[in-house]
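When a ligand or atom number is given, it counts from 1 through the structure's own listing order.
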Amino acid sequence: MDDLAAKKCVPCNSKDLQAMTEESATEFLLKVAGWNLVNANGTLKLNRSWKVKSFSKGLELFQLVGNVAETEGHHPDLHLVGWNNITIEIWTHAVGGLTENDFILAAKINGLNLHHLLRKNASA
Ligand SMILES: C[C@H](O)[C@H](O)[C@H]1CNC2=NC(N)=NC(=O)C2=N1
């Protein structure tokens, strides 16, 4: 499995795109440190949480992530609650599960410099 952060997401409307098995997702998960695999009512998703220094730093984090998402044409679900708690969920809506696109996006998010936005004990 080559470097996911160097790959490009494919359009989600390509007809041969299909959700991967939980077994495959577990293998891909090894390549995206810090992310969790969750099963939300039968839909596999990735999620990761952070504590940010402030509400505005949370919005800055969203903008950095949003720029990557727009470049890739593949988008996360962004949650900012209790002013400084961020959770990002990633899944491929078009297939109702996980595809390699989701792990590429997670790997690219892991490559962002977010340290200046995060509380010291930042992993929520
Ligand atoms: C054509 C284009 O690939 C689709 O509209 C994209 C946009 N971003 C997307 N993002 C995610 N997470 N899932 C999708 O199915 C999806 N579809």
Side-chain angles (χ1 to χ4, degrees):
M1 191 184 308
D2 38 15
D3 176 23
L4 290 172
K7 302 189 82 171
K8 282 287 293 168
C9 293
V10 300
C12 295
N13 54 9
S14 40
K15 61 190 180 330
D16 50 1
L17 199 65
Q18 58 181 2
M20 68 173 67
T21 63
E22 188 152 2
E23 186 183 7
S24 296
T26 304
E27 281 176 42
F28 271 97
L29 193 66
L30 300 172
K31 304 290 284 185
V32 285
W35 290 84
N36 306 297
L37 183 61
V38 296
N39 188 326
N41 302 319
T43 302
L44 289 180
K45 300 180 181 181
L46 295 176
N47 80 18
R48 186 170 185 180
S49 297
W50 296 266
K51 265 193 190 309
V52 287
K53 287 176 178 172
S54 66
F55 182 77
S56 59
K57 295 265 190 279
L59 296 180
E60 276 185 59
L61 188 148
F62 279 3
Q63 187 62 67
L64 292 173
V65 171
N67 293 341
V68 174
E70 285 293 275
T71 300
E72 293 300 318
H74 197 68
H75 304 87
D77 296 356
L78 304 175
H79 307 268
L80 173 51
V81 298
W83 68 270
N84 72 342
N85 299 286
I86 281 184
T87 296
I88 297 181
E89 286 185 310
I90 307 175
W91 54 297
T92 301
H93 298 237
V95 301
L98 288 174
T99 66
E100 188 181 38
N101 278 353
D102 303 307
F103 292 90
I104 290 168
L105 183 59
K108 289 178 185 281
I109 291 170
N110 278 0
L112 292 173
N113 176 13
L114 304 176
H115 303 290
H116 62 296
L117 304 173
L118 303 178
R119 287 258 302 264
K120 287 287 166 280
N121 52 340
S123 296

Handout entry: Within-cutoff protein neighbour (heavy atom, under 4.0 Å) for atom 5 (O) of ligand 1
Key = no
Handout entry: Atom indices of ligand 1, in the order listed, that fall short of 4.0 Å to a heavy atom of Thr92
Key = 13 (N), 15 (O)
Handout entry: Within-4.5 Å side-chain heavy-atom neighbours: Leu4 and Phe28
Key = yes
Exercise for the section: Could you tell me whether the side chain of Lys108 reaches within less than 4.5 Å of the side chain of Thr71, counting heavy atoms only? Expected result: no
Practice task
Give the residue and atom name of whichever protein heavy atom lies nearest to atom 2 (C) of ligand 1, and the separation in Å to one decimal.
Solution key: Cys12 N, 4.1 Å
Handout entry: Short N or O distance, His93 and ligand 1, threshold 3.5 Å exclusive
Key = yes
Handout entry: Closest non-hydrogen atom pair between Ile104 and Cys9, with its separation
Key = CG2-SG, 3.9 Å
Exercise for the section: State whether the shortest distance between N or O atoms of Ala94 and N or O atoms of ligand 1 falls below 3.5 angstrom. Expected result: yes
Practice task
Provide the number and element of each atom of ligand 1 under 4.0 Å from a heavy atom of Pro11.
Solution key: 3 (O)
Completion exercise
Correct closest heavy-atom pair for Leu114 and Ile109 would be CD1-O, 4.4 Å
Problem - Interfacing atoms of ligand 1 (cut-off 4.0 Å, heavy-atom, Trp91) - result: 11 (C), 12 (N), 13 (N)
Exercise for the section: With atom 10 (N) of ligand 1 as the reference point, say which of His75, Glu70, Lys45, Glu89 has the nearest heavy atom. Expected result: His75
Practice task
Please report which non-hydrogen protein atom sits nearest to atom 11 (C) of ligand 1, along with the residue it belongs to and the distance in Å to one decimal place.
Solution key: His74 CE1, 3.4 Å
Completion exercise
ligand 1 to Asn13, heavy atom cutoff 4.0 Å, flagged ligand atoms 1 (C)
Exercise for the section: Over all heavy atoms of both residues, which pair between Cys12 and Thr92 is shortest? Give the atoms and the distance, please. Expected result: SG-CG2, 3.9 Å
Problem - Any N/O pair Asp102/ligand 1 closer than 3.5 Å - result: no
Problem - Side chain to side chain, Leu64 and Leu117, heavy atoms closer than 4.5 Å - result: yes
Exercise for the section: Please report the closest heavy-atom contact between Trp91 and Leu98, naming both atoms and the distance. Expected result: CA-CD2, 4.1 Å
Completion exercise
d(Lys57 NZ, Leu118 CG) to nearest 0.5 Å is 11.0 Å
